[in-house]
Structure formats: structure tokens, C-alpha cells
Amino acid sequence: MTATNTSGASLLSKMLHIKVAPVVLAACIPILLIMGQLVRMILPAKYFYDSSSILNMVNGDAAEYKFRDITYRRTADFYSAINIFHFSTLTQWSLLLAIIGSIMLVPVILKLPKLSLIDFTFALCFIGVLNIFTFTISKDMIQFSVFYIAAICTTLKEHSKVIPIVSISILLFLESIFYRQYYLLVFVFFMLYAATTIYISRRCSKSSKLRRQAIIIGYLFLIVIVFLILVFLIVPSKYNQLIMVRSVTNSGRSGSPDSNSLITEIFHSTNPAIAVVNFVLDGFRMMFPFELLRISLKYTPFIILQLLLVFEIYKQIIGKKLSQPNRSYFAFCLLMAFLMVSFFFEPDFGSWIRHESCIFPLICSMLSNKPEHLDSERNLNSSLESHQGLPIPSESDQH
């Protein structure tokens with residue numbers, strides 16, 4: 001039994017110390033691009049409903065243009081303006097935008113440190129989803145570009161809070177005016193998180209990992225809950241609009257074979273206390289979407305991707321990255337602001353995975369500041385040493 005435990009600990013130790021160079025991940029991009037195009041060919045048309053609608057408008061469908069809301073119209077106007085090659089099919093657009101998106105990814109990925117196997121797998125999954133659902137004629141490609149710019153903003157004036165916060169806030173505010181109005185909420189939550197989370201993190205820096213995680217996650221949710229209550233008290237009409245947006249979007253879709261992954265509220269009420277409960281439950285369901293297994297096992301890859309994202313967020317919280325105003329900190333704050341707003345609005349899990357894929361540039365920013373992970377690895381190494389009786393070198397010892 002002891003020999004088995006020692007062997008298992010040794011294998012775990014070796015796996016923990018396997019690092020993948022970012023150039024390997026960059027080399028996988030063309031492969032994932034090709035695989036993404038092949039997958040798109042076999043997926044049903046329902047997965048590209050929005051893209052088909054936008055393409056129809058770009059191709060001159062006046063009825064479709066009149067029927068759609070302002071966001072769709074502006075998206076179609078944008079693609080019409082850049083359509084210098086006179087593309088008219090989804091295949092043409094998806095191939096061009098996949099090439100552009102892949103080129104955009106290369107410099108971001110090459111700046112990453114060596115990745116653990118978990119981080120490498122996580123990045124591969126995200127890039128795969130981008131090539132299937134995002135890099136095409138869609139609103140999501142535009143949103144990906146916005147987050148790409150935001151990720152660049154996180155690098156401005158390293159160790160300064162003001163410039164990254166201001167630049168990202170301006171970007172989000174402009175998007176809320178000219179493109180997606182609900183990004184005004186992302187703007188508000190990002191401002192609040194970026195200005196205050198660092199102090200919460202420092203205050204609980206000496207707490208246990210579990211306690212620190214509970215405090216920070218609880219604080220992030222508390223900000224949104226307080227905001228929701230204030231909106232209810234000050235602007236009741238906006239409150240009703242906010243908590244009913246998912247129900248309104250999904251009205252008439254229930255029971256449709258093309259909408260079997262709807263996110264429906266567990267409790268149907270406009271009461272603020274019930275709305276808070278729904279918000280917390282919806283957040284948990286979206287980050288741990290095990291309920292999809294009741295529909296089909298084909299959702300397993302999506303569930304795994306979500307669990308990997310939760311793991312990355314967990315690493316940010318238990319590490320020291322949230323105690324310093326660096327690019328990881330600002331990327332984390334923007335990511336959490338995006339997630340909190342998504343917990344209100346996402347109508348179904350299919351839309352959720354498409355919208356979520358746009359945050360990959362922020363994920364790269366979170367992974368970029370890597371030195372802090374050594375402390376947690378040293379602690380794990382110490383634990384393994386006690387079982388093996390052998391020293392395990394850390395990365396800093398190797399250099």
C-alpha cells in the first residue's frame with residue numbers, strides 16, 4: 001500500500017512539473033482553425049442562426065434588417081462596411097475571420113509563460129470554441145475584439161491602478177453607448193471591482209485558501225446584490241426590466257427542439273429576495289452546468305470547459321495576484337464583471353458558450369503573471385516530500 005501511494009505521489013509530482021511552451025500552443029492554432037471549419041460543416045444550421053440572420057442583412061435582406069433590433073443592425077452595418085471582397089456566404093466569412101482571429105491570438109499566446117497541462121488543455125478548448133462559434137460573421141467576433149483591446153489595456157502602466165481602470169472603463173462605456181447597452185452594467189461592476197477588490201484580497205491574505213475564496217466570491221456577489229436592491233428602490237421600472245430580460249427573451253421558446261438548453265428561473269417572482277436567490281442559483285448553474293447531462297452526454301465537453309474556467313478563477317483567488325494592481329488583477333475584475341452580468345441575461349447554455357468564448361484574451365492576461373503560483377506549488381511539493389522522503393525542485397530552484 002505504501003509503495004502504491006509513493007508511486008502515485010511520484011506520478012502526480014511529475015505531472016505537476018510538466019510545462020508546455022507557449023510556442024507549442026501557438027503551433028496548434030492552424031490545426032484548430034482547420035478543425036473548426038470542418039466541425040462547422042457538420043453542425044446543424046440552428047447553431048449559426050444569428051450569423052445567418054446577419055449575413056442575410058449584409059446581403060441586402062431589407063425585411064430582415066427592419067425586423068432585427070439595433071444591435072443586429074449595427075453588426076450588419078459593420079460587416080457591410082468591411083466587405084471589400086463582396087463575400088456572400090457563411091463559409092467565406094468564417095474562413096476569413098478565423099484567419100484574422102487566429103493571427104490576433106498568436107502574439108497574445110507567445111507572451112504567455114510555460115503552461116501547466118491543465119492550462120494548456122484549457123487554452124486549447126477555448127481556441128477550439130472560438131474557431132467554431134466566434135470567428136465568423138457574428139456579434140461575438142466584435143465582442144472578442146473589444147475584449148482583445150481590453151486585454152491590451154491591462155498591460156498599460158504596470159503596477160498602476162488608474163490608467164488600466166480608466167482605459168478599460170472608457171472602452172466599456174463606449175460599447176454600451178454604441179453597441180450593447182447592457183455593457184453599461186459590465187462597466188459599473190468593473191469599476192467597483194477594480195477599485196476595491198484589491199483591498200479585500202489584502203485584508204484576507206493571511207486567511208486559509210478556503211476562507212479567502214469564500215470572502216472574495218462572497219464580496220463579488222454582494223456588490224451585485226446591493227446594486228440590485230438599490231435599483232429596486234430607486235428605479236423600479238429598470239429593476240423589473242433587469243430581472244425579466246431572460247424570461248422575455250425565452251418567451252415562446254420553451255418546448256422547441258432547437259431550444260432544449262434554456263436557462264429558466266427556478267423561482268418565478270419579481271420580489272427582490274427571490275431575485276437575489278435566482279441570481280446566485282443561476283450563477284452556480286452556469287458555472288457548474290451538470291444539469292445538461294440530463295439532456296445529452298454531448299454537452300460533456302462544455303461542462304469540462306466550465307470546470308476548467310472555475311479552476312482558473314480559483315487559482316487567481318487563492319494566489320497573490322489579486323493583491324497587486326497588475327494585468328492579472330484587472331483581467332480578473334473585468335472577467336468577473338462580465339460573468340456577473342451574464343448571470344442575469346444569458347437565455348440558454350448555447351448562447352452562454354458563444355458569449356463566454358470571447359473572454360479568451362482576458363484569460364491570457366490572467367495567465368500571464370505567473371510567478372505567484374510558485375508558492376502554492378512549493379506547498380504541494382512539501383506535502384509530497386513528506387510521503388516520498390525526496391526533495392522536489394521548484395522552478396525557482398531550477399533557475
Side-chain angles (χ1 to χ4, degrees), residues 71 74-75 78 101 104-105 107-109 111-112 126 130 134 139-202 216-217 219-224 226-227 309 312-313 315-317 319-346 355-370 372:
T71 305
R74 287 179 176 171
T75 302
F78 170 78
M104 292 170 68
L105 288 177
V108 174
I109 289 173
K111 290 182 180 179
L112 293 174
F126 250 95
L130 284 169
T134 304
K139 294 180 288 184
D140 303 308
M141 182 63 190
I142 297 176
Q143 190 59 56
F144 168 83
S145 302
V146 172
F147 282 137
Y148 190 89
I149 297 172
I152 295 174
C153 292
T154 64
T155 66
L156 300 177
K157 193 66 176 179
E158 190 76 5
H159 301 301
S160 169
K161 285 176 59 178
V162 177
I163 294 179
I165 291 178
V166 170
S167 57
I168 294 174
S169 297
I170 291 174
L171 178 66
L172 295 173
F173 186 72
L174 291 176
E175 180 178 10
S176 70
I177 294 176
F178 297 107
Y179 195 49
R180 285 175 158 168
Q181 293 183 357
Y182 70 88
Y183 264 73
L184 183 62
L185 288 177
V186 181
F187 158 76
V188 170
F189 295 148
F190 169 74
M191 289 278 288
L192 292 172
Y193 289 162
T196 60
T197 304
I198 191 169
Y199 300 109
I200 302 296
S201 179
R202 288 174 178 174
I216 293 178
I217 291 294
Y219 170 75
L220 297 174
F221 271 94
L222 181 62
I223 289 289
V224 181
V226 170
F227 174 83
L309 176 59
E312 294 298 336
I313 293 173
K315 287 198 301 180
Q316 292 291 313
I317 293 175
K320 299 178 181 178
K321 298 181 182 181
L322 302 186
S323 299
Q324 298 296 331
N326 52 39
R327 64 187 304 183
S328 292
Y329 174 76
F330 297 115
F332 174 84
C333 291
L334 180 52
L335 170 64
M336 295 309 298
F338 166 79
L339 291 179
M340 293 296 172
V341 173
S342 298
F343 296 162
F344 278 116
F345 290 111
E346 289 299 339
H355 297 161
E356 186 183 48
S357 67
C358 302
I359 65 175
F360 185 67
L362 300 179
I363 299 294
C364 290
S365 290
M366 286 169 52
L367 295 174
S368 293
N369 293 100
K370 211 60 177 174
E372 292 84 354

Derivation of the side chain to side chain contact (heavy atoms under 4.5 Å, CB included) call for L334 and F330: CA-CA 6 Å; L334 180 52; F330 297 115; over 6 Å; no
Verdict with reasoning, L185 to M340, per side chain to side chain contact (heavy atoms under 4.5 Å, CB included): CA-CA 9 Å; L185 288 177; M340 293 296 172; over 6 Å; no
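With contacts defined as side-chain heavy-atom distances shorter than 4.5 Å, the pair V146/Y183 does not qualify. Under the 4.5 Å side-chain criterion, counting only non-hydrogen atoms from C-beta, L309 is in contact with E356. Put simply, the side chain of V108 does not reach to within 4.5 Å of the side chain of F360, judged on heavy atoms. Counting heavy atoms from C-beta on, the side chains of P361 and F144 come closer than 4.5 Å. Contact check for V341 versus V224: no side-chain heavy atoms found under the 4.5 Å cut-off. The side-chain heavy atoms of S176 and F187, taken from C-beta on, include no pair separated by under 4.5 Å. Looking only at side-chain heavy atoms (C-beta outward), Y179 and F78 stay at 4.5 Å or farther from each other. In this structure, Q316 and Y329 have side chains that are not in contact, with every pair of non-hydrogen atoms separated by 4.5 Å or more.
Taking SG of C358 as the start and CD1 of I363 as the end, the distance is 12.0 Å to the nearest 0.5 Å. Taking CD1 of I216 as the start and CZ of F332 as the end, the distance is 6.5 Å to the nearest 0.5 Å. To the nearest 0.5 Å, the span separating OH on Y182 from OG1 on T71 amounts to 8.0 Å. Rounding to the nearest 0.5 Å places CG of L130 at 10.0 Å from CE of M104. With values rounded to the nearest 0.5 angstrom, E175 atom CD is found 4.0 Å from Q143 atom CD. Rounded to the nearest 0.5 angstrom, Y199 OH and T197 OG1 are separated by 11.0 Å.
If you run side-chain contact (heavy atoms from CB on, under 4.5 Å) between V166 and each of I168, I163, I170, only I170 comes through.
The environment of M191 atom CE is sparse: at most 12 non-hydrogen atoms of other residues, nucleotides or ligands sit within 6.0 angstrom.
Using a distance-only test at 3.5 Å, with no hydrogens or angles considered, no donor-acceptor pair links the side chain of Y193 to the main chain of A337.
Considering every non-hydrogen atom in both P164 and S167, the closest pair reads O-OG, 3.0 Å. The minimum heavy-atom distance between A195 and I165, with the atom names listed, is N-CD1, 4.4 Å. The two residues L220 and M336 have their closest heavy-atom pair at CD1-CE, 3.7 Å. The minimum heavy-atom distance linking A151 with R327 is given by the pair O-NH2, 4.4 Å. The two residues T134 and D140 make their nearest non-hydrogen contact at CG2-O, 3.6 Å. Closest approach of A150 to L362, counting heavy atoms only: CB-CD2, 4.5 Å.
Taking the six-membered ring where the residue is Trp, F147 and F338 present perpendicular rings, their angle passing 60° and hence far from 30°.
Taking the six-membered ring wherever Trp is involved, the centroid distance between the rings of F189 and F227 falls below 6.0 Å.
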